[in-house]
Protein chains: 2
Amino acid sequence: MADTVLQVDHRPLYVRVREILVQRVSSGYWKPGQSLPNEFELADELGVSQGTVRKALDMLASEHLVVRRQGRGTFVAEHTSADIHFRFFHLHDADGCPAIPDSIGIKVEVDVARPAERKALRSDQGSSVIRIRRVRTVEGEPVIVERIVLPGDLFAGIEAIDPIPNTLYDLFQRRFGVTISGADEELTAIAASAQEAKLLKVAPGAPLLEINRTAMGVDGRRIEWRISRCLTTRLHYFSQLR
Amino acid sequence: MADTVLQVDHRPLYVRVREILVQRVSSGYWKPGQSLPNEFELADELGVSQGTVRKALDMLASEHLVVRRQGRGTFVAEHTSADIHFRFFHLHDADGCPAIPDSIGIKVEVDVARPAERKALRSDQGSSVIRIRRVRTVEGEPVIVERIVLPGDLFAGIEAIDPIPNTLYDLFQRRFGVTISGADEELTAIAASAQEAKLLKVAPGAPLLEINRTAMGVDGRRIEWRISRCLTTRLHYFSQLR
DNA sequence: CAGTGGTCTAGACCACCGT
DNA sequence: CGGTGGTCTAGACCACTGT
């Protein structure tokens, strides 16, 4: 009896448990670095078995939302500069060693979103954006010119931060409570414009690798639109297909 | 008593089970498309529980070595043209739709491996290689010039196949028993040479995207070295970061 | 319908960690 | 040492498939 539900949820239990846990992480109920209750406590609280909680936690771990440490516990993932480079920065040198670029000539501005920016960030007409422009160097040599666009509502006040750090995603998480969970990149070979050529100390028309990235948050919201134009004479973009 | 083992295997049971199953697949004991014994039969045979076999099979499925179909069974993965495009061909058009290129102007030659080829394929001095050159077109327009190098010992007789099909990896599996399990790609922006420019109908020096790919087999062996130089005015390389 | 993989549970034991 | 995640087992039941 009591068949009052109109729509039963036929998805597996562990998927529903996962969603509850995702919600608690992305809402900030559990904060980055904080430890979660252990598997048995969560199982009791949610009225499922420990094995089901484990399966949900394993999914979160594979999505980099939590980190599990044997003997210590399960923790909300905390972005570090090293993590971010490994996951989101795929330019390596000829030996396959990840390059660690610095940033120079940073310019930050706040403005009303242009149509292309609204499209990339899926934001409404009249929304504000923050634009960051910078040149990135490896061993002192300029190799990337970069333009980054952020939704103004999520990052209010970022323009006052000085200096803007090299890796942004850990800043996003620590200072603005925004965790990047993934990104789509579109790569194109283009010819350097006169201005880019000057900044990168190459001839105009020199081939550059353009990386057009859209980064998403845990909830799928568009968080960042970034176009990087890279000199790939000594750097290469690395992609693993599995 | 009977402590005769010098080196105990401390790795988890399911990892060892996985290795046994990998061996049976890559040795051809189970062939592509063939169904495996069910979980309980494997568990009995290997002297472990069904849950342990399941965990090993789930790993194989996530590595695309087997396909599991509820209600039907577990099958050795069979490469199809569509699979391959999805997994290994990351050039899409502006709308994000995968491009489906044709091949023209195919040339095949057999030769002794050059130093660079030996290095890429990790093969010994004096080994033979098969070289395939071709131009690939989308909607009739040439967009890629491609050079493919294969180890001669694995693909003896491939030069006699005419025509060489568009997607090679399904041919490798069906005709030569070689399954590609992954690849590393290194991307660089380069300037078109005079010859490439002519083939792609662009001006010499036009920016091209070079994709330098090394593909590996199930056992980790280098199977293919491929350099594709792509005109990315209408095509883009797509990469998902998670 | 019988047979398969998919889910869920309960409980035992191990390996690792910090105190 | 106590507490945590990691492994392994055994068994029940569900959902899907083809006949």
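Each chain gets a letter, A, B and so on, in the order the sequences are listed, and its residues count up from 1.
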Exercise for the section: Kindly say if T74(A) contacts the phosphate of dT4(D), meaning a side-chain N or O under 4.0 Å from OP1 or OP2. Expected result: no

Handout entry: Out of dT9(C), dC16(D), dG5(D), whichever nucleotide has its closest atom nearest the side chain of Q70(B)
Key = dC16(D)

Exercise for the section: Can you tell me the distance, in whole Å, between the CE atom of M59(B) and the C1' atom of dG6(D)? Expected result: 13 Å

Practice task
Write down the distance between CG (L57(A)) and P (dT4(D)), rounded to a whole number of angstrom.
Solution key: 13 Å

Handout entry: Check: H92(A) ring centre within less than 6.0 Å of F238(A) ring centre
Key = yes

Problem - Nucleotide dA15(D), atom P - distance to CZ of R68(B) in whole Å - result: 18 Å

Problem - Between dG5(D) (P) and Q50(A) (CD): distance, integer Å - result: 9 Å

Exercise for the section: Grab the CZ-P distance between R16(B) and dT7(D) for me, whole Å please. Expected result: 12 Å

Handout entry: Residue mapping more 5' on DNA chain C - nearest nucleotide basis, P12(A) or G71(B)
Key = G71(B)

Handout entry: Carboxylate-amine/guanidinium contact E39(B) R68(B), below 4.0 Å
Key = yes

Completion exercise
Taking dT7(D), dG6(D), dG6(C) as options, the one with an atom nearest any side-chain atom of D58(B) is dG6(C)

Practice task
Ignoring backbone atoms, establish whether Y14(B) has a side-chain N or O less than 4.0 Å from OP1 or OP2 of dC8(D).
Solution key: no

Exercise for the section: From the options dG5(D), dT9(C), dT7(C), select the nucleotide whose nearest atom is closest to the side chain of S49(A). Expected result: dT9(C)

Problem - Charged N-O contact under 4.0 Å between R221(B) and D153(B) - result: yes

Practice task
Give a yes or no on whether a donor-acceptor pair under 3.5 Å exists between the nucleobase atoms of dG5(D), that is its base, and the side chain of R72(A).
Solution key: no

Handout entry: Out of dG5(D), dG6(C), dT9(C), whichever nucleotide has its closest atom nearest the side chain of T52(A)
Key = dT9(C)

Exercise for the section: Would you mind checking if R174(A) and D170(A) are paired as a salt bridge, meaning a charged N to carboxylate O distance below 4.0 Å? Expected result: yes

Problem - Short side-chain N/O contact to dG5(D) OP1/OP2 from R54(A), under 4.0 Å - result: no

Practice task
Round to the nearest Å and state the distance from E41(B) atom CD to dT4(C) atom P.
Solution key: 6 Å

Handout entry: N or O in side chain of K55(A) less than 4.0 angstrom from dT7(C) OP1/OP2
Key = yes

Fill in the blank from the handout: In whole angstroms, the gap separating C1' of dC8(D) from CD of E39(B) amounts to 15 Å

Handout entry: Criterion side chain to side chain donor-acceptor pair (under 3.5 Å) on N166(A) and S103(A), from CA distance to verdict
Key = CA-CA 6 Å; N166(A) 215 327; S103(A) 304; 3.1 Å; yes

Practice task
Starting at atom CZ of F40(A), determine the distance to atom P of dG11(C), rounded to an integer number of angstrom.
Solution key: 10 Å

